[in-house]
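First comes the structure, then the notes that go with it.
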Number of protein chains: 2
Amino acid sequence: MWAEIPKFPEFSEISEIPKISCDPGNPEGAYRVKNLTQSRSEFAELLGRTAQAFGLTPSVGQIYGLLYLSAQPLSLDEIAESLDLSKASASIGARQLEALHAVQVSSKDSDRRDYWEARLEPQEVLQKMMSSVLMPRLTNAHNRLEGLLERMEAEKNSGELSGPEFTVCQQRIQQLITKTDHFKTWLPLIERLVK
Amino acid sequence: MWAEIPKFPEFSEISEIPKISCDPGNPEGAYRVKNLTQSRSEFAELLGRTAQAFGLTPSVGQIYGLLYLSAQPLSLDEIAESLDLSKASASIGARQLEALHAVQVSSKDSDRRDYWEARLEPQEVLQKMMSSVLMPRLTNAHNRLEGLLERMEAEKNSGELSGPEFTVCQQRIQQLITKTDHFKTWLPLIERLVK
DNA sequence: AGCTGCGTTAAGATTTTTCTAAACCAAATT
DNA sequence: AATTTGGTTTAGAAAAATCTTAACGCAGCT
């Protein structure tokens with residue numbers, strides 16, 4: 001009414017992938033990494049933000065970014081050093097990426113260290129995330145909605161929920177269940193398209 | 001090597017939509033809402049978690065959930081009261097939902113209050129999010145990657161980056177740009193499928 | 001003009017997430 | 001057997017996100 005265009009910080013900058021803050025003595029976060037050229041560290045930072053958009057932690061994205069632009073596989077210590085992360089974070093992040101099929105570990109005979117290397121098909125990572133994250137969640141949502149319907153019926157019978165209100169709720173939840181199922185049907189096709 | 005199946009809490013429970021914690025005196029978060037039947041508050045809670053998965057705040061999802069199962073439009077105070085939120089959060093959340101075309105405001109002549117009502121086509125919300133969030137981000141990513149390529153060339157020329165390494169980086173970033181563009185092409189189609 | 005009630009804004013508190021330091025375990029080496 | 005080294009786990013620190021309190025501005029009413 002009185003503000004023509006209400007300001008919502010999240011939406012005004014929505015095309016910006018969310019920022020990773022950095023220590024105050026070093027305002028340009030991108031440059032805090034050691035050992036890397038500026039553009040490489042920028043890339044890692046970009047992937048860090050992108051990872052957040054997918055519900056992963058920034059460090060996971062940074063690690064993938066580092067490996068993606070690395071000509072050779074890197075050890076945990078090299079990863080931690082390059083990105084200025086603790087070894088613990090590097091380890092956890094790398095293992096998560098492995099679970100997503102985004103990276104590969106290998107070991108040299110001469111060396112006890114693990115060496116990490118990016119898989120170069122990010123589409124497959126996306127696909128993996130869809131099938132291993134999105135799909136189970138949809139199933140879970142479906143089940144919870146079904147359960148909800150039952151409990152609502154009970155509430156109607158006990159009088160907590162009036163008849164007309166129950167009808168509204170029932171219809172709408174049913175609609176949601178239907179849509180969820182549709183989406184589950186389309187998902188595999190979308191996976192292929194993305195690829 | 002030594003741990004057959006490494007445990008990653010995030011992945012073992014990945015089908016569970018992330019929890020919203022609640023105050024310790026009241027371990028079952030779902031029941032902390034006032035004024036609502038159990039199943040309705042559960043639904044709001046479910047949508048709260050879902051919102052988080054989309055990068056929105058829980059309160060935004062809860063508000064949408066509340067309105068979605070409400071037979072009449074609700075005022076800000078009713079929203080805040082029902083979900084046990086501050087009026088400020090209710091206001092901000094409702095406006096965000098409006099920006100996403102997920103809800104509608106209206107006002108009665110007799111009453112200065114705004115009344116909020118869910119739009120019942122959640123697919124359109126999804127579509128709106130894709131076009132207003134995903135698409136700009138893809139464009140943004142494309143631009144940053146292009147810029148990166150240029151700066152890398154500079155780094156090669158200044159000797160910071162060796163020839164072979166530059167080649168690897170260039171190829172891989174180029175591949176990423178191509179994929180990004182592909183995805184931008186497919187996105188409108190996917191939007192339709194989802195609908 | 002002064003009140004009142006509604007929605008918004010801004011600063012700061014709270015909660016949640018993410019990361020780190022340090023202890024720990026297993027294998028390889030001495 | 002003791003030591004070293006690489007990776008993992010865990011408890012708690014640090015950072016980021018979300019929410020709340022309180023102040024504000026505007027409109028309609030008395």
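Keep in mind that this is a model prediction, so the values were computed, not measured.
- Side-chain atoms of R172(A) do not come within 3.5 Å of backbone N or O of L120(B) as any donor-acceptor pair.
- Shown here is F166(A), whose CZ atom has more than 12 heavy atoms of other residues, nucleotides or ligands within 6.0 Å.
- Side-chain contact between I63(B) and L67(B) is present, with heavy atoms from C-beta onward closer than 4.5 Å.
- The interatomic distance linking L76(A) (CG) with dT5(D) (P) rounds to 16 Å, in whole Å.
- Out of dG7(C), dA17(D), dT8(D), the shortest distance to the side chain of Q52(A) is found at dA17(D).
- The nucleotide whose nearest atom lies closest to any side-chain atom of A88(A) is, among dT20(D), dT10(D), dG7(D), dT10(D).
- Relative to the side chain of R112(A), the nucleotides dC19(D), dG7(D), dT4(D) differ in distance, and dT4(D) lies closest.
- Between S39(B) and the choices K156(A), E155(A), R151(A), the side-chain hydrogen bond (donor to acceptor under 3.5 Å, both in side chains) rule is met once, by E155(A).
- Contact of the V60(A) side chain with the L100(A) side chain is not registered, since no non-hydrogen atoms from C-beta on lie closer than 4.5 Å.
- Atom pair I92(B):CD1 and dA10(C):P shows a separation of 10 Å (rounding to whole Å applied).
- For the pair S59(A) and dC19(C), the criterion of a side-chain N or O lying under 4.0 Å from OP1 or OP2 is met.
- When rounded to the nearest whole Å, the span between CG of L83(A) and P of dT18(C) equals 17 Å.
- Nucleotide dT15(C) holds its C1' atom 14 Å from the CD atom of Q62(B), rounded to whole Å.
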For this session: Fill in the dot-bracket string of DNA chain D, one character per base: . for unpaired, | for a pair to another strand, ( ) or [ ] for pairs within the strand, taking Watson-Crick or G-U pairs under 3.5 Å.
Result: ||||||||||||||||||||||||||||||

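- Electrostatic pairing of R40(B) and E160(A) does not count as a salt bridge here, judged by no charged N lying under 4.0 Å from a carboxylate O.
- Picking from dC19(D), dA17(D), dT20(C) the nucleotide with the shortest atom distance to the side chain of P58(B) gives dC19(D).
- Comparing S89(A) and S110(A) along DNA chain C, the residue whose closest nucleotide (by nearest heavy atom) sits nearer the 5' end is S89(A).
- Of the candidate nucleotides dT8(C), dT20(D), dG7(D), dT20(D) has the atom lying nearest to any side-chain atom of L85(B).
- Note on E78(B) versus R113(B): no salt bridge recorded, every NZ/NE/NH1/NH2 to OD/OE distance being 4.0 Å or above.
- Close to dT20(D), at under 4.0 Å from its OP1 or OP2, lies a side-chain N or O of S86(B).
- Whole-Å rounding puts the K108(B) NZ to dC6(C) P distance at 12 Å.
- Atom-to-atom, CD1 of I79(B) to P of dC19(D) comes out at 14 Å; the value is rounded to the nearest Å.
- For S75(B), no side-chain nitrogen or oxygen approaches OP1 or OP2 of dC6(C) to under 4.0 Å.
- Side-chain contact between Y64(A) and L56(A): absent, with no pair of heavy atoms (C-beta onward) separated by less than 4.5 Å.
- One interatomic measurement links the two molecules: CG of D114(B) to C1' of dC26(D), which rounds to 13 Å at whole-angstrom precision.
- Separating the CZ atom of R113(B) from the P atom of dT4(C) is a distance of 17 Å, rounded to the nearest angstrom.
- DNA chain C is contacted by both D77(B) and V60(A); D77(B) maps to the nucleotide lying nearer its 5′ end (nearest heavy atom per residue).
- Proximity of S91(B) to the phosphate of dT9(C): no side-chain N or O atom is located under 4.0 Å from OP1 or OP2.
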